Amino acid sequence: MTEPRPSATVPRHVAVVMDGNGRWARKRYMPRFFGHKAGVDVLVRAVNAFADRGVEHLSVFAFSSENWKRPTEEVSGLMSLVLVAVSKYLTKLAGDGVRIRIAGDREAVSDKLRQAWEQAERLTEHNRRITLTVAFNYGGRWDIVQACRAAVAQGLTPEQVDEAWLSRHMALAYAPDPDLFIRTGGEMRISNFLLWQSAYAEFYFTECLWPDFDAREIDAALAAYARRDRRFGTIAAPQLVPESS
Ligand code: IPE
Ligand code: IPE
Ligand code: MG
């Protein structure tokens with residue numbers, strides 16, 4: 001069972017499209033890979049910062065179904081960066097109480113990478129401070145299709161396929177839907193991240209490039225979230241009417 005939320009103004013689940021690594025590197029006259037490498041270090045700090053602020057789930061977009069379209073060199077650089085990141089940070093994250101989960105199609109990645117993911121999940125499965133979901137070779141459309149395929153494979157009737165069933169078969173079935181969806185890097189789009197799960201997420205877009213996303217930026221995003229009025233299709237809470245004298 002999950003712990004009670006410290007406060008209703010703190011999101012239980014934050015989703016992040018970590019964008020802007022390439023531009024961050026270019027500004028420094030460095031290769032794009034330099035930005036991706038810096039991005040990993042920032043992610044490790046961000047997990048702890050979000051956990052300290054009471055966030056239970058942090059889900060980050062690390063590699064999209066569409067990122068295969070990038071130059072081969074960048075794709076293979078990203079693949080090997082994951083292996084480096086796991087060997088560099090797994091022990092630390094495990095010690096910090098972080099549970100790691102991977103969301104995405106594992107079929108297309110190498111055996112080595114698959115084994116690294118499995119090792120990260122196994123080593124941290126009993127941790128409860130925060131769950132870090134790394135979406136890798138993930139696409140929101142892929143997620144919906146794989147849940148539909150599960151329904152077909154299990155021989156469900158059309159009546160048996162409903163929102164609750166599909167939600168239970170999505171990659172992030174263990175997490176509540178994201179409350180806050182952050183995208184760094186200035187673009188205002190979802191780029192096929194958690195399409196189904198973000199139906200009622202609050203969106204926060206910032207120009208800040210991912211490698212610059214520090215505790216101050218996190219606090220700004222959480223403060224913006226705390227000011228939002230979430231209605232889920234209902235009407236706004238009645239304003240307090242001053243008593244007539
Ligand atoms: C996001 O940074 C990381 C990945 C997609 C892997 P980008 O690589 O998209 O950086 P920009 O958007 O080109 O600056
Ligand atoms: C989204 O960023 C994917 C990740 C951050 C992993 P992209 O940089 O790939 O998105 P687009 O191409 O700008 O939409
Ligand atoms: Mg980008």
Side-chain angles (χ1 to χ4, degrees), residues 13-47 50 57-86 88-89 100-110 112-114 116-117 120 132-146 170-172 175 178 180-198 201 203-214 217-218 221:
H13 185 174
V14 176
V16 185
V17 177
M18 307 183 291
D19 197 22
N21 294 348
R23 282 164 282 168
W24 185 89
R26 199 170 59 215
K27 273 170 65 179
R28 287 160 180 76
Y29 305 100
M30 296 296 278
R32 294 175 60 82
F33 184 74
F34 183 69
H36 295 316
K37 214 162 139 279
V40 173
D41 301 337
V42 166
L43 171 59
V44 173
R45 286 200 290 274
V47 182
F50 277 113
H57 287 269
L58 177 67
S59 301
V60 298
F61 209 5
F63 190 87
S64 77
S65 312
E66 290 73 30
N67 287 148
W68 294 104
K69 296 177 198 161
R70 295 189 177 203
T72 329
E73 199 180 276
E74 180 163 352
V75 171
S76 56
L78 285 165
M79 298 293 156
S80 44
L81 183 60
V82 175
L83 295 174
V84 172
V86 170
K88 187 171 169 193
Y89 285 119
I100 299 174
R101 302 294 296 261
I102 313 304
D105 186 355
R106 300 185 195 204
E107 295 298 311
V109 305
S110 70
K112 237 175 153 180
L113 193 50
R114 220 178 352 258
W117 286 145
L132 168 67
T133 296
V134 180
F136 198 91
N137 194 19
Y138 176 89
R141 290 180 174 180
W142 164 82
D143 202 359
I144 294 166
V145 168
Q146 65 81 24
M170 293 280 165
L172 271 73
L180 173 61
F181 183 117
I182 299 172
R183 180 170 186 144
T184 62
E187 314 297 348
M188 293 192 230
R189 52 180 174 251
I190 301 181
S191 297
N192 200 16
F193 196 26
L194 300 164
L195 295 180
W196 172 277
Q197 298 86 343
S198 299
F203 284 80
Y204 179 84
F205 298 104
T206 169
E207 291 292 326
C208 174
L209 303 172
W210 174 252
D212 290 327
F213 196 74
D214 58 10
E217 296 288 340
I218 289 174

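Both counts, for ligands and for their atoms, begin at 1 and track the order of listing. None of these values were measured; they are calculated from a predicted model. Below, all heavy atoms of this structure are taken into account, side chains as well, without hydrogens, waters or symmetry copies.
For the atom pair CD of Glu217 and OG1 of Thr184, the computed distance is 9.5 Å after rounding to the nearest 0.5 Å. In this structure, CH2 on Trp68 lies 9.5 Å from CG on Leu78, to the nearest 0.5 angstrom. One finds the CZ atom of Phe193 at 10.0 Å from the CG atom of Asp143 (value rounded to the nearest 0.5 Å). Note that the CG atom of Asn21 and the CG atom of Asp19 stand 7.5 Å from one another [nearest 0.5 Å]. Atom CZ of Arg26 is separated from atom CZ of Phe34 by 15.0 Å, given to the nearest 0.5 angstrom. Once rounded to the nearest 0.5 Å, the distance linking CZ of Arg141 with CG of Asn192 reads 6.0 Å.
Remark: ligand 2 atoms within the under-4.0 Å shell around heavy atoms of Asp19 are 2 (O), 8 (O). Annotation for ligand 1: atoms under 4.0 Å from non-hydrogen atoms of His36 are 3 (C), 6 (C), 8 (O). Numbered from 1 in the order shown, with element, the atoms of ligand 2 that lie under 4.0 Å from a heavy atom of Phe63 read 6 (C). Taking a cut-off of under 4.0 Å to the non-hydrogen atoms of Arg189, the atoms of ligand 2 that pass are 11 (P), 13 (O), 14 (O). If you number the atoms of ligand 1 from 1 as listed, the ones under 4.0 Å from a heavy atom of Arg32 come out as 7 (P), 8 (O), 10 (O), 13 (O). Close approach of ligand 2 to Val17 (heavy-atom distance below 4.0 Å) involves ligand atoms 1 (C), 5 (C). Proximity to Phe61 (heavy-atom distance under 4.0 Å) selects the following atoms of ligand 2: 3 (C), 4 (C), 5 (C), 6 (C).
Among protein heavy atoms, atom 1 (C) of ligand 1 sits closest to Met18 O, 3.0 Å. Nearest to atom 7 (P) of ligand 2 among the protein's heavy atoms is Arg70 NH2, 3.7 Å. For atom 2 (O) of ligand 2, the closest non-hydrogen atom of the protein is Arg183 NH2, 3.6 Å. Protein heavy atom nearest atom 14 (O) of ligand 2, with residue, atom name and distance: Ser191 OG, 2.6 Å.
Counting heavy atoms under 4.0 Å from ligand 1, residue Arg26 does not touch it at all. Contact annotation: for Ala62 versus ligand 2, heavy atoms closer than 4.0 Å belong to the backbone alone.
Residues Leu83 and Ala116 come closest through the heavy atom pair CD2-CB, 3.8 Å. The minimum heavy-atom distance between Arg189 and Phe205, with the atom names listed, is N-CE2, 3.8 Å. Closest of all the heavy-atom pairs between Ala221 and Leu180 is O-CD2, 4.1 Å.
Crowding of Arg28 atom CZ: a count of heavy atoms from other residues, nucleotides or ligands under 6.0 Å exceeding 12.
No hydrogens or angles considered: a donor-acceptor pair under 3.5 Å links the side chains of Ser191 and Arg183. Under the 3.5 Å distance criterion, with hydrogens and angles disregarded, no donor-acceptor pair is assigned to the side chains of His57 and Thr133.
Where the criterion is an N or O separation shorter than 3.5 Å, residue side chain and backbone included, Ser64 fails it with respect to ligand 2. Considering backbone and side-chain N/O atoms, Asn67 never comes within less than 3.5 Å of an N/O atom of ligand 1. Between Gly22 and ligand 1, at least one pair of N/O atoms sits closer than 3.5 Å. For the pair Trp24 and ligand 1, the shortest N or O to N or O distance does not fall below 3.5 Å. Residue Glu187 places no N or O, backbone or side chain, under 3.5 Å from any N or O of ligand 2.
For the Mg ion (ligand 3), the set of protein N/O/S atoms nearer than 2.8 Å consists of Asp19 OD1, ordered by chain and number.
Look at Glu66 and you'll find every heavy atom at least 4.0 Å from all atoms of ligand 2. Using a non-hydrogen distance threshold of 4.0 Å, Lys69 does not register as a contact of ligand 2. Contact annotation: Gly20 has at least one heavy atom less than 4.0 Å from an atom of ligand 1.
Checked options Leu43, Leu209, Ile182; the residue passing with Met18 is Leu43 (criterion: side chain to side chain contact (heavy atoms under 4.5 Å, CB included)).
A search for ring-ring contact (aromatic ring centres under 6.0 Å, His included) contacts involving Phe33 returns nothing, not counting sequence neighbours.
Side chain of Ser198 to backbone of Leu195: no donor-acceptor contact under 3.5 angstrom is found.
A salt bridge links Arg23 with Glu187: the distance from a Lys NZ or Arg NE/NH1/NH2 to an Asp or Glu carboxylate oxygen falls below 4.0 Å.
Between Trp210 and Phe213, the ring planes lie parallel to each other; the angle is under 30°, not in the 30° to 60° tilted range.
When distances from atom 12 (O) of ligand 2 to the protein are checked, no heavy atom turns up under 4.0 Å.
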